[in-house]
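These notes are about the structure you will find just below.
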Amino acid sequence: MKVQLVLALLSLAALANARKPLAARYDNFKVYRAFVEDNEQLEEFKKVHQHIQVHILHEIGGSNRSYDVIVGPLFQKAFEKVLHDLEVEYEIIVEDLQALLDESSVDEDAPMDWETYHPLSTIYDWVDDQCAEHDYLECKVIGHSHEGRPIKSVKLSKREGNKAILIEGNIHAMEWISSATVTYILNQLINSKDAEMQRLTEEYDWIVVPMVNPDGFVYTHEVERLWRKNRRPNGYTNTSGPCFGIDMNRNFDFHWSGAGWNIEDPCDHWFGGDEPNTEREILALQDFVSSFEDGYIRAYMAFHAYGQYVLLPYGHSNTEFPPNYDQMMRIAAAFADGAVDAYGSVFTYGASGLLNYVVSGAAKDWAYGVKGIPFTCTIELRDKGTFGFFLPSNQITEVGTEVTEGLKSLVAKANDEGIFD
Ligand SMILES: [Zn+2]
């Protein structure tokens with residue numbers, strides 16, 4: 001009897017598991033940090049994936065910088081040999097990726113909070129609830145993803161004639177801290193009793209798109225935690241079959257061209273498409289931005305991870321700078337000053353082509369260069385590489401707090417600088 005009962009329970013459990021796709025696990029996968037010094041090393045380093053199964057976490061953007069690479073137990077010896085032969089220095093920064101991923105809790109059933117990461121349904125239910133409760137919120141589905149999921153937006157406006165600040169999140173699927181932070185900010189704007197937050201909602205309109213890439217986000221929860229792009233089959237195949245997805249923050253049309261590996265391998269995580277403006281998610285976002293009258297949206301902030309940067313236009317060049325670059329630098333400095341006070345997190349600021357690497361197709365460059373929004377940036381949230389893309393859930397509230405402090409300071413400075421005039 002007992003054995004039968006156990007067997008019955010086991011098959012029940014198997015049934016329950018069968019309903020959901022199994023998420024990939026990363027037991028004993030290591031993360032290597034490889035320092036690629038010169039172009040000769042870089043050319044060879046680019047080819048590593050052709051014979052060893054590796055997942056490079058950083059877009060290949062040049063030499064004299066480090067790249068984090070995930071390698072499974074089967075390939076670690078071979079990978080270390082390649083690095084050794086190329087004389088590329090490296091260190092192992094994560095011994096067991098699964099253990100690191102397990103530090104982030106995901107609660108499938110809990111109502112929305114900022115103690116844990118949540119699935120898309122919880123985030124969207126919370127957005128819907130806020131919209132139902134507050135009549136100064138205007139909530140709209142701005143379009144649908146490739147797989148048909150809604151892309152939701154919230155516009156907060158308490159006064160006629162205000163100028164607006166737009167915030168978008170999670171265009172990159174695996175950067176969970178992005179939508180967690182954007183919803184944290186939205187919650188502060190709606191529900192905080194803090195006098196300054198309330199003033200910010202009286203004097204400015206806020207437009208929030210918390211989840212630009214819902215398909216990719218669901219995929220990171222259900223199948224592959226490390227997914228970055230959307231989920232549209234992109235028309236290419238490799239040895240594993242059809243390739244999915246476009247890096248949507250490389251698909252905006254401003255000085256667009258495939259940079260770096262973009263051109264070489266369309267199955268890569270940062271493939272920006274064969275041409276710009278091909279993805280329905282970003283077209284929905286662009287149409288939404290364009291639906292407002294010119295001059296209404298005065299600041300555009302895209303939230304990403306990681307590295308603690310305020311990245312300004314331009315991305316396509318490190319020698320050409322926006323006309324009001326110095327002004328944007330002062331505003332970015334104000335964000336960094338506000339943010340550091342909370343927990344000491346240092347944010348570095350500057351043009352992305354200069355600080356990061358030259359790459360085009362990002363939302364902030366389109367918002368500045370095409371839409372003429374006078375302050376635009378990408379905020380790269382915590383941390384500086386310890387957890388990288390997989391920031392533990394127990395840091396969400398601190399990140400939300402420091403960014404909210406940064407934002408208060410940024411808006412005050414932008415106002416002094418005449419951005420909202
Ligand atoms: Zn990103």
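Note that ligands are numbered from 1 as they come in the structure, with each ligand's atoms numbered from 1 the same way. Because the structure is predicted, anything quoted here is derived from the model rather than measured.
Within His172, the N, O or S atom at minimum distance from the Zn ion (ligand 1) carries the name ND1. Take the N/O/S atoms of His304: the one nearest the Zn ion (ligand 1) is ND1.
Taking the ring centroids of Phe321 and Tyr314, they lie at or beyond the 6.0 Å cut-off.
Using a distance-only test at 3.5 Å, with no hydrogens or angles considered, no donor-acceptor pair links the side chain of Ser352 to the main chain of Leu311. Judged by distance alone, with hydrogens and angles left aside, the side-chain atoms of Asp38 form no donor-acceptor pair with the main-chain N or O of Asn64 at under 3.5 Å.
Note that Arg65 lies in the cation-pi zone of Tyr67, set by a 6.0 Å cut-off to the ring centre and a 45° limit from the axis.
For the Zn ion (ligand 1), the N/O/S atoms of Glu175 include one lying under 2.8 Å.
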